[in-house]
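Read through the structure below, which is laid out as structure tokens, and then see the notes.
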Amino acid sequence: MTKQASQQSCEGRVALLTGITGQDGSYLTEQLLEKGYIVHGMVRRSSSFNRARIEHLYLDPAIGGERLFLHYGDLTDSSNLNRLLEKVGPDEIYNLGAQSHVKVSFEVPEYTAEVDGIGTLRFLDAIKEVGLKEKVRFYQASTSELYGKVQDVPQTEATPFYPRSPYGVAKLYGFWIIVNYREAYGIHACNGILFNHESPRRGEAFVTRKITQMVARIRYGLAETVQLGNLDAKRDWGYAPEFTEGMWRILQQDQPDDYVLATNETHTVREFAEEAFRHAGLPLHWEGKGADEVGRDAEGKVRVAIDPAYYRPSEVDLLIGDYGKARKELGWEPQTTFAELVRIMTEADLEQVRNSLP
Ligand code: NAP
Ligand code: F7E
């Protein structure tokens with residue numbers, strides 16, 4: 001990444017984020033504040049604490065209530081979106097809010113469509129209704145899940161979509177409504193088609209974080225085995241803060257457009273597990289096939305086993321993205337290698353478990 005672009009001063013610009021409490025929302029907020037933005041974030045009412053990832057920011061007296069403001073809201077509530085837009089009058093909107101778990105989307109397909117699909121439409125329409133369409137720039141968190149049963153390898157902005165889950169199909173609606181409102185009403189709306197990106201802040205139900213958390217617990221004797229689903233699935237895994245920096249770059253272009261952000265490398269879930277266990281000093285060897293496959297450590301203890309409950313009704317087998325357009329037009333390039341990403345995540349979870357020990 002060129003330093004010049006990432007350090008451009010944006011003093012006083014106003015950004016509005018949905019999904020501010022999520023992995024990406026927290027990194028993007030830090031980066032926007034560093035660039036001089038005033039940041040407003042939508043948070044959901046919850047019966048338990050859901051702001052841990054941004055707590056360090058809003059508890060800082062120089063930031064919370066000064067340059068960072070939180071507002072209750074939900075992507076299923078149009079009147080709330082209208083009010084929020086009128087109150088905040090943002091220059092840039094980052095729509096990161098979503099029911100983002102692919103497997104869960106098979107259990108709650110209608111809700112996923114409401115939030116991830118129609119939620120995007122609600123937001124765009126609110127921009128039109130409150131008269132912000134000339135002023136605002138809109139980033140939509142689109143996804144490599146759109147490619148699903150992939151039609152090209154690697155996948156580019158020109159690869160046809162073939163989603164394989166209610167999540168992918170809901171995000172497909174989100175993608176096309178962005179394109180439509182851009183063409184129909186001239187709204188500066190962009191899709192970032194982001195491949196999987198991970199970090200120590202990744203939600204605990206996604207496979208990378210589930211693995212690194214369990215590796216740490218196993219390493220310190222708090223657990224025996226991690227149960228996983230499809231070990232053969234291949235993903236293009238990058239490091240989240242680099243991807244959120246890419247989101248910002250997408251919105252700084254004079255002409256709105258759609259961009260793939262990826263690493264152009266792919267690895268199986270098995271390889272991720274292998275690398276994480278190796279990093280924690282527990283190298284694995286594999287035995288068996290299909291649902292009977294196990295990963296054993298040097299002492300022969302089973303450390304990875306299969307639970308078919310984690311299989312999906314329809315799977316995305318292979319993702320690998322070509323980020324050539326982003327490199328050329330945005331000067332964006334991922335820096336963190338696969339091995340480095342696994343190391344960062346495993347180290348963070350090892351440290352967390354170490355610190356929690358009596
Ligand atoms: P995440 O950690 O799961 O965060 C999702 C955020 O959306 C949370 O802040 C969540 O709030 C909020 N949210 C959920 N339902 C909502 C609703 N009904 N109304 C308003 N907000 C709602 O996801 P992430 O990894 O940061 O991803 C950010 C976005 O990028 C998502 O749209 C995701 O689908 C998309 N994406 C992610 C990846 C990836 O690899 N991470 C790749 C491509 C695209 P709570 O904290 O209250 O639950
Ligand atoms: O699964 C396999 C699983 O849930 C990755 C979201 O951020 O990235 C994410 O979606 C792979 C799949 O991420 C387990 O079958 C095996 O093939 O970590 P995941 P995802 O489905 O790729 C995209 C780009 C998004 O847009 C989404 O919002 O791993 N897998 N065993 C498992 N997956 C999980 N979760 N748990 C397992 O035990």
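In each ligand, atom 1 is the first atom listed, and ligand 1 is the first ligand listed. Just the heavy atoms: all of them, side chains too, but no hydrogens, waters or symmetry mates, feed the values below.
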Per atom 47 (O) of ligand 1, closest listed option by heavy atom (Asn95, Ile193, Asn50): Asn50
message: Among all the protein's non-hydrogen atoms, which is closest to atom 38 (O) of ligand 2, and how far away is it?
response: Lys210 NZ, 2.7 Å
- request: Report the part of Val102 in contact with ligand 2, treating N, CA, C, O as backbone and CB onward as side chain, heavy atoms under 4.0 Å; options are side chain, backbone, both, neither.
  value: side chain
task: Run the salt-bridge test on Glu275 and Arg278 with the 4.0 Å N-O cut-off and return the result as yes or no.
output: yes
message: Tell me the protein heavy atom at minimum distance from atom 8 (O) of ligand 2, and give that distance in Å.
response: Asn196 ND2, 3.1 Å
task: Ignoring angles and geometry beyond distance, decide whether Ser144 reaches within less than 3.5 Å of ligand 1 through its nitrogen or oxygen atoms.
output: no
Heteroatom distance test (Met42, ligand 1): nitrogen or oxygen, under 3.5 angstrom: no
message: Parallel, tilted or perpendicular: which one describes the rings of Trp176 and Phe161, with boundaries at 30° and 60°?
response: perpendicular
query: Could an N or O of ligand 2 be found under 3.5 Å from any N or O of Val316, whether backbone or side chain?
result: no
- prompt: So which bit of Val115 gets within less than 4.0 Å of ligand 1, heavy atoms only: side chain, backbone, both or neither?
  reply: side chain
- prompt: What do you reckon, does Arg201 put a non-hydrogen atom under 4.0 Å from ligand 1?
  reply: no
task: Please could you name the atoms of ligand 1 that Ala141 approaches to less than 4.0 Å, counting only its heavy atoms?
output: 29 (C), 30 (O), 32 (O), 35 (C)
statement: heavy-atom search around atom 21 (O) of ligand 2 in the protein gives Arg312 NH1, 2.6 Å
query: Where does the angle between the aromatic ring planes of Phe138 and Phe123 fall among parallel (under 30°), tilted (30 to 60°) and perpendicular (over 60°)?
result: perpendicular
message: Could you tell me, atom by atom, which parts of ligand 2 come under 4.0 Å of a heavy atom of Ala233?
response: 17 (O)
Nitrogen or oxygen atoms of Tyr111 and ligand 1 under 3.5 Å apart: yes
message: Under 3.5 Å between any N/O of Gln99 and any N/O of ligand 1: does that happen in this structure?
response: no
statement: In terms of its nearest heavy atom to atom 44 (C) of ligand 1, the top option of Ala98, Gly19, Ser142 is Ser142
- request: Compute the shortest N/O to N/O distance between Tyr167 and ligand 1 and return yes if it is under 3.5 Å, no if not.
  value: yes
Residue, atom name and distance, where the atom is the protein heavy atom closest to atom 12 (C) of ligand 2: Arg235 NH2, 3.4 Å
query: Under 4.0 Å from any heavy atom of Arg202, which atoms of ligand 2 are there?
result: 6 (C), 7 (O), 8 (O), 9 (C)
query: Heavy-atom contact under 4.0 Å between Arg51 and ligand 1?
result: no
message: Within this structure, what is the CD1-CG distance for the pair Ile54 and Leu28, rounded to the nearest 0.5 Å?
response: 12.0 Å
message: Working to the nearest 0.5 angstrom, can you tell me the gap between Ser105 OG and Lys171 NZ?
response: 11.0 Å
message: Tell me whether Ala205 has any N or O atom under 3.5 angstrom from an N or O of ligand 2.
response: yes
- prompt: Could an N or O of ligand 2 be found under 3.5 Å from any N or O of Tyr310, whether backbone or side chain?
  reply: no
message: Give the atom numbers and elements of ligand 2 that come within less than 4.0 Å of a heavy atom of Ser144.
response: 24 (C)
Protein heavy atom at shortest distance from atom 15 (O) of ligand 2: Glu315 OE2, 2.6 Å
task: Please determine if Val207 has a nitrogen or oxygen closer than 3.5 Å to a nitrogen or oxygen of ligand 2.
output: yes
task: Identify, by atom number and element, the atoms of ligand 2 in contact range of Val269, meaning under 4.0 Å from any of its heavy atoms.
output: 2 (C), 29 (O)
field: Numbered atoms of ligand 1 (with element) below 4.0 Å of Thr143, judged on heavy atoms
entry: 43 (C), 44 (C)
- prompt: Do Glu198 and ligand 1 have an N or O pair less than 3.5 Å apart?
  reply: no
- line: Among non-hydrogen protein atoms, atom 27 (C) of ligand 2 lies closest to Ser100 O, 3.3 Å
- request: Considering only non-hydrogen protein atoms, determine which one is nearest to atom 31 (N) of ligand 2 and report residue, atom name and distance to 0.1 Å.
  value: Gly229 N, 2.8 Å
task: Could you tell me whether ligand 2 has any atom less than 4.0 Å away from a heavy atom of His101?
output: yes
task: May I ask whether Tyr167 places a heavy atom under 4.0 Å from ligand 2?
output: yes
message: Below the 3.5 angstrom mark, is there an N/O of Thr76, backbone or side chain, next to an N/O of ligand 1?
response: no
field: Close approach of Asn196 to ligand 1, heavy atoms, under 4.0 angstrom
entry: yes
- request: Would you check whether Leu75 has a nitrogen or oxygen atom less than 3.5 angstrom from a nitrogen or oxygen atom of ligand 1?
  value: yes
- prompt: Can you list the atoms of ligand 1 that are under 4.0 Å from a heavy atom of Gly22?
  reply: 2 (O), 4 (O), 8 (C), 9 (O), 26 (O)
